[in-house]
Amino acid sequence: MKISDLISRLALGAFVGCFIVSLVESLISLQIGPQIVSFSGVDVIHAFLGSIVIGWGFSLSGVVYENEWPLPAQVIFQMGIGFAVLFSVAIYLGWFPINVGIGPVIEWILVAIIFAAVFWFGFYIYYYLEAREINQKLE
C-alpha cells in the first residue's frame, strides 16, 4: 500500500467515524430530549478520539478488498476487524452498556450492525458506480 493510499484511508476513516458518532449523539439527544442531555468536555474528547480509532479500524481493514478473496469472506474479515476495534474502544470508554443487562447490550450491537451495514452498502454502491463509469469510458 502506498503512503498516499494509507493517508487517504486514515482520513476517510476518521471523517466517517466522527460523522457516525456525531449522528449517534444527535439521535440520542433527540430521543431523550436535547434539554436533558449534557455532554462533558471529557465525553466530547472521548467521542472524537474514539470515533477516529473506530473509523481507522473499519477503513484500514478495507485493504482486504485488494485481495482476490470471495466478497463474503472479505466482508466478514473487514467487519470482524472493525467490530473488534469498535467493541474494544466502546468497552474502554464506557459506551458499551455491560452492566445494565442483556437487553441494552443486544440493542447496542444491533444498532452498531445496522450502522455498519448501511455505511458498507453505501460505499459498495459508490465504488460499484465508479467502476461502471470507468468501464464505460474505457469502451
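Fair warning: this is a prediction, and the values are worked out from it, not measured in the lab. Just so you know, these numbers use all the heavy atoms, side chains as well, and skip hydrogens, waters and symmetry mates.
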Exercise. Testing Leu93, Ile98, Ile91 for side-chain contact (heavy atoms from CB on, under 4.5 Å) with Trp95, which one passes?
Worked result: Leu93
For this session: Provide the full list of salt bridge (Lys or Arg N to Asp or Glu O under 4.0 Å) pairs with a residue in residues 124-135, sequence neighbours left out, each pair given once.
Result: Glu133-Lys137
For this session: Share the residues that join Ile134 in a hydrophobic cluster, the rule being Ile, Leu, Val, Met, Phe, Trp or Tyr side chains under 4.5 Å apart at the heavy-atom level.
Result: Leu138
Problem set entry | Verify same cluster id: Tyr126, Phe115 (apolar side-chain graph, 4.5 Å) | yes
For this session: Output the distance between atom CE (Met79) and atom CG (Leu86), rounded to the nearest 0.5 Å.
Result: 11.0 Å
For this session: Tell me, please, which residues at least two apart from Phe96 pass ring-ring contact (aromatic ring centres under 6.0 Å, His included).
Result: Phe87, Trp108
Seminar exercise, completed: With sequence neighbours left out, the residues meeting side-chain contact (heavy atoms from CB on, under 4.5 Å) with Pro72 are Pro70
Problem set entry | Those residues that, when tested against Gln74, pass side chain to side chain donor-acceptor pair (under 3.5 Å) (two or more places apart) | none
Problem set entry | Residues in side chain to side chain donor-acceptor pair (under 3.5 Å) contact with Ser4, at least two apart in sequence or another chain | none
Exercise. Going hydrophobic residue to hydrophobic residue with side-chain gaps under 4.5 angstrom, can you get from Ile54 over to Phe48?
Worked result: no
Donor-acceptor contacts, no H, no angles, side chain residues 19-28, under 3.5 Å, sequence neighbours left out:
residue: Ser22; atom: OG; partner: Cys18; partner atom: O; Å: 2.9
residue: Ser26; atom: OG; partner: Ser22; partner atom: O; Å: 2.9

For this session: Please write out which residues are connected to Ile102 in a hydrophobic cluster, directly or through intermediates, given that two of Ile, Leu, Val, Met, Phe, Trp, Tyr count as joined at side-chain heavy-atom separations below 4.5 angstrom.
Result: Ile106, Leu110
Side chains of residues 6-17: which donor-acceptor partners sit under 3.5 Å, not counting sequence neighbours?
residue: Arg9; atom: NH1; partner: Ser59; partner atom: O; Å: 3.3
residue: Arg9; atom: NH2; partner: Glu66; partner atom: OE2; Å: 2.8

Exercise. If you count the non-hydrogen atoms of other residues, nucleotides and ligands that lie under 6.0 Å from CD1 in Ile3, is the total more than 12?
Worked result: no
Exercise. Which residues pass the side chain to side chain donor-acceptor pair (under 3.5 Å) test with Asp5, sequence neighbours left out?
Worked result: none
Exercise. Taking a hydrophobic cluster as the set of Ile, Leu, Val, Met, Phe, Trp and Tyr residues connected by side-chain heavy atoms closer than 4.5 Å, whether directly or through intermediates, do Phe83 and Val105 fall within one such cluster?
Worked result: yes
Exercise. Would one find more than 12 heavy atoms of other residues, nucleotides or ligands at under 6.0 Å from atom CZ of Phe119?
Worked result: yes
Exercise. Listed by chain and number, what are the side chain to side chain donor-acceptor pair (under 3.5 Å) partners of Tyr65, not counting sequence neighbours?
Worked result: Gln78, Trp120
Exercise. What are the two closest non-hydrogen atoms of Pro104 and Gly101, and how far apart are they?
Worked result: CD-O, 3.6 Å
For this session: Show your working on side chain to side chain contact (heavy atoms under 4.5 Å, CB included) between Tyr124 and Leu71 and close with a plain yes or no.
Result: CA-CA 11 Å; Tyr124 178 81; Leu71 182 62; 4.2 Å; yes
Problem set entry | Identified side-chain contact (heavy atoms from CB on, under 4.5 Å) partner of His46 from the options Val42, Leu49, Val44 | Val42
Problem set entry | Results of side-chain contact (heavy atoms from CB on, under 4.5 Å) for Asn67 - residues two or more places apart only | Val64, Trp69
Problem set entry | Connected via hydrophobic side-chain network under 4.5 Å: Ile109 and Val89 | yes
For this session: Please lay out, stage by stage, how Phe58 and Ile81 fare under the test side chain to side chain contact (heavy atoms under 4.5 Å, CB included).
Result: CA-CA 7 Å; Phe58 278 99; Ile81 300 260; over 6 Å; no
